Amino acid sequence: MTPTADPTQKRPLGGVLSVEGLDALLRQLQDRGYLVIGPIVQDGAVTYEPIASHQDLPRGTGDEQRPGMYRLRRRDDDAFFGYASAPASWKRYLFPARSPLFRAERSEGSIQVDDTPPVQPRYAFVGVRSCELAAIAIQNRVFLDSNHPDSTYAARSKDLFVVAVSCSDPAGTCFCQSMGTGPEAQAMFDLRLTELVGGSEHRFVVTPGSPAGEQVLAAVPHRPATPADVTAATEVTQRAKERMGRSMDVTDVHDLLLRNREHPRWKDVGSRCLACGNCTFACPTCFCSDSEDANELGTGAAVRTRAWASCFGLDYSSMHGGTIRTTIPGRYRQWMTHKLATWFDQFGTSGCAGCGRCITMCPVGIDITEEVKMIQESDRVKTTGEMQ
Amino acid sequence: MSEATKPKLAVWKFSSCDGCQLSLLDCEDELLQVVGAVEVSYFLEASSAIAEGPYDVSLVEGSITTEHDIERIKEVRRLSGILVSIGACATAGGIQALRNFADVREYTSTVYAHPEFISTLKTSTGIADHVKVDLELRGCPIDRHQLLEVVTALLSGRKPRVPTHAVCVECKKRGNVCVLTEHGTPCLGPVTQTGCGALCPSFNRGCYGCFGPAENTNIDSLTSALRATGMQDRDLVRVFRTFNAWSPAFRAAGEKVAAGGVTQ
Ligand code: SF4
Ligand code: SF4
Ligand code: SF4
């Protein structure tokens, strides 16, 4: 995956893949030693799992997403990529829910530490949406661009091959367009597909975004794209933009949230929020973790594991003397102001890619775009009330 | 470890079904190692041999339902170093705490041929209502991984990790679909304490709340969401009144619905 591609550069026309060509592409990636992960339908949802061929893909499947609700629906066409973002993001491959850190055992007066990192597969992600690439870029920034890059994240992401797919049918909870993160990937992909399903020929307009992508494409049967193909692909993106489910006005959001730390809306949202943490685990940019210690029964050896953590948990802000963020309004406020405001101060980017997962996956349908709107609208309302 | 330095473990039973004690016996792979590491001094479910106290660690199953129980739990407390209450009965009064919502005399006269021989308290309550408890393991029944975590932590002298956050946390870590948002199946996971490994949602069922209320008790908001799945008030009261009916948060949630308190 190449992180930079100059979007101002004149775009190559690229090529056109048939459905058989898509299969050849998947085979080509497998032949090059990649573990190919792509969308499948499982337990009533689209999810990203290892795939063998186009037969595994969610053909003819769309989705419906609203605050607190996700359902699959039957499309009236045969599109392979006609759904929006899947409930579980790619995060679980690059930053798994649990990963081993080390095992330490006492032996004859010394302590033996085994911290050999597990062998990582080389991943090829197929069907990555533009917002998801933006989210991966945000996590790259968090985990890699620091004085102490995260070695396990680096090992998982360094050989990543990305086949992006342009969105055709944004969900009701999508708002990438207003976040400037979609619906068509502009960078960070090796290949980008735009699916053209209506009409005489089910095909994919394919655009390489890196030398690796060019090499793979060269090894896969395809025909050159005609101006008509390119126009049709542009129309897919245009239609997607017109059907964006939600939007967020982010022009002033950093300062807005920081000058409204005492806004009554925090208490209002806190009265609905369950502090269950679902939004943070579903969010493709949330990166918090905790280390968990366990002991083996027979040997007494200590095993340390890194595991996902959520700022909605009480123990998250527990330190000497007690828990700092005791109220649910306080925790929701911490989460949202971090995403949309202090993330800029910390990492120089927004913490939100506009994928809408936190909205869809919230059991009580709390909607980050709505919460911002409410604060925006009453920005000048005098506020009272204390929160911890 | 020599016999002399092995910590002494006792397992006590009050009003309960024995399911939690069975979880200890159910640790098949690990049981021999546990028995190797501790001296099981009192465990009638497993052995009739009784070694005298005091005991370093006592696991207490069951709820307090008689005057005699009250005396006995005080004695157990006196004999125990660390007292761990295990299971929904010991931590919240169990399913038998349904009597707390009714008239126990009516129950006994319905169930027993000679209710006059039954000497029982009006309520079924958890151990912590009567003596100081050092650690609670929730669940109906408890989770054997949590039990082993307690045993291994105490053996190595660290604090056991028994998280108090919601089942959802574990459900998401396991990569399950969310049955509530993705299937529309009622689920108590968001307000139930983790510990079971999100067992029911992993099999496409909603969580039944076996581990009692989680640390965050914003249950009224979930009640509204459950109503939206089509649950009626009668059913809502019932889901809060199962194994952990008498836990303060579930009790309050059920009472609120029963009184018509939580609407949209
Ligand atoms: S905050 Fe919500 S919309 Fe933004 S990236 Fe995270 S899950 Fe997606
Ligand atoms: S916003 Fe929704 S998903 Fe997030 S913690 Fe609150 S209730 Fe759970
Ligand atoms: S299935 Fe239940 S426990 Fe799992 S995330 Fe959804 S609401 Fe939480």
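Order of the sequence lines sets the chain letters (A, B, ...), proteins ahead of strands, with each chain counted from 1. Please read all numbers here as calculations on a predicted model, not as lab measurements.
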TODO: Tell me, for B:R174 versus chain A, whether the close heavy atoms (under 4.5 Å) come from the side chain, the backbone, both or neither.
DONE: neither

Open item on the list: Please check this pair: side chain of B:N204 against backbone of A:D43, looking for a donor-acceptor N/O pair closer than 3.5 Å.
Closed with: no

Task: Close aromatic pair by centroid cut-off 6.0 Å: B:W12 and B:Y55 - done: yes

Open item on the list: For B:H165, which atoms come within 4.5 Å of any heavy atom of chain A: side chain, backbone, both, or neither?
Closed with: side chain

TODO: Report the option among B:E149, B:E30, B:E215 that has the most heavy-atom pairs separated by less than 4.5 Å from atoms of chain A.
DONE: B:E215

Task: Side chain A:R265, main chain A:M374, donor-acceptor under 3.5 Å - done: no

Task: Any donor-acceptor N/O pair, A:T323 side chain to A:M319 backbone, under 3.5 Å - done: no

- [ ] Under 4.5 Å, counting heavy-atom pairs only, tell me which of A:L274, A:V364, A:T360 racks up the most with chain B.
- [x] A:L274

Task: Backbone N/O of A:R325 and side chain of A:S317: donor-acceptor pair under 3.5 Å - done: yes

Open item on the list: Run B:L83 and B:I127 through side chain to side chain contact (heavy atoms under 4.5 Å, CB included) and show every step you take.
Closed with: CA-CA 10 Å; B:L83 190 156; B:I127 302 303; 4.2 Å; yes

TODO: Please state whether the side chain, the backbone, both or neither of A:T47 comes within less than 4.5 Å of a heavy atom of chain B.
DONE: neither

- [ ] Using the side chain to side chain contact (heavy atoms under 4.5 Å, CB included) rule, take B:C196 and B:Q146 through it: C-alpha gap first, then chi angles, then the decisive distance, then the call.
- [x] CA-CA 8 Å; B:C196 61; B:Q146 284 208 325; over 6 Å; no

TODO: Check each atom of A:T280 against the heavy atoms of chain B and say whether the ones under 4.5 Å are side chain, backbone, both or neither.
DONE: neither

- [ ] Give the member of A:G277, A:G313, A:P363, A:G44 that has the highest number of heavy-atom pairs under 4.5 Å with chain B.
- [x] A:P363

Task: Side chain A:D315, main chain A:S318, donor-acceptor under 3.5 Å - done: no

TODO: Let me know if A:I328 has heavy atoms under 4.5 Å from chain B in its side chain, its backbone, both or neither.
DONE: side chain

- [ ] State whether the side chain of B:S41 and the backbone N or O of B:E39 hold a donor-acceptor pair below 3.5 Å, judged by distance alone.
- [x] yes

Task: Region of B:I219 in contact with chain A, defined by heavy-atom distances below 4.5 Å - done: neither

- [ ] Name the region of A:Q65, side chain, backbone, both or neither, that has any atom closer than 4.5 Å to a heavy atom of chain B.
- [x] neither

Open item on the list: Any side-chain to backbone donor/acceptor pair from B:N176 onto B:C178? Under 3.5 Å, distance only.
Closed with: no

Task: Engaged part of A:Y316 at the chain B interface, taking heavy atoms whose separation is under 4.5 Å - done: neither

Task: Heavy-atom pairs under 4.5 Å with chain B, option from A:E296, A:Q42, A:E292, A:R66 with the top count - done: A:E292

Task: Segment of B:V177 engaging chain A (4.5 angstrom heavy-atom cut-off) - done: side chain

Open item on the list: Please output the residues of residues 82-110 of chain A in contact with chain B, using a heavy-atom cutoff of under 4.5 Å, in numerical order.
Closed with: A:P87, A:A97, A:R98

- [ ] Look only at the side chain of A:E132 and the backbone of A:R129, and say whether a donor-acceptor pair between them is shorter than 3.5 Å.
- [x] yes

Open item on the list: Using 30° and 60° as the class boundaries, would you call the ring planes of A:Y153 and A:F143 parallel, tilted or perpendicular?
Closed with: parallel

Open item on the list: Any side-chain to backbone donor/acceptor pair from B:R205 onto B:C200? Under 3.5 Å, distance only.
Closed with: no

Task: Contacting region of B:V179 [heavy-atom separation from chain A under 4.5 Å] - done: neither

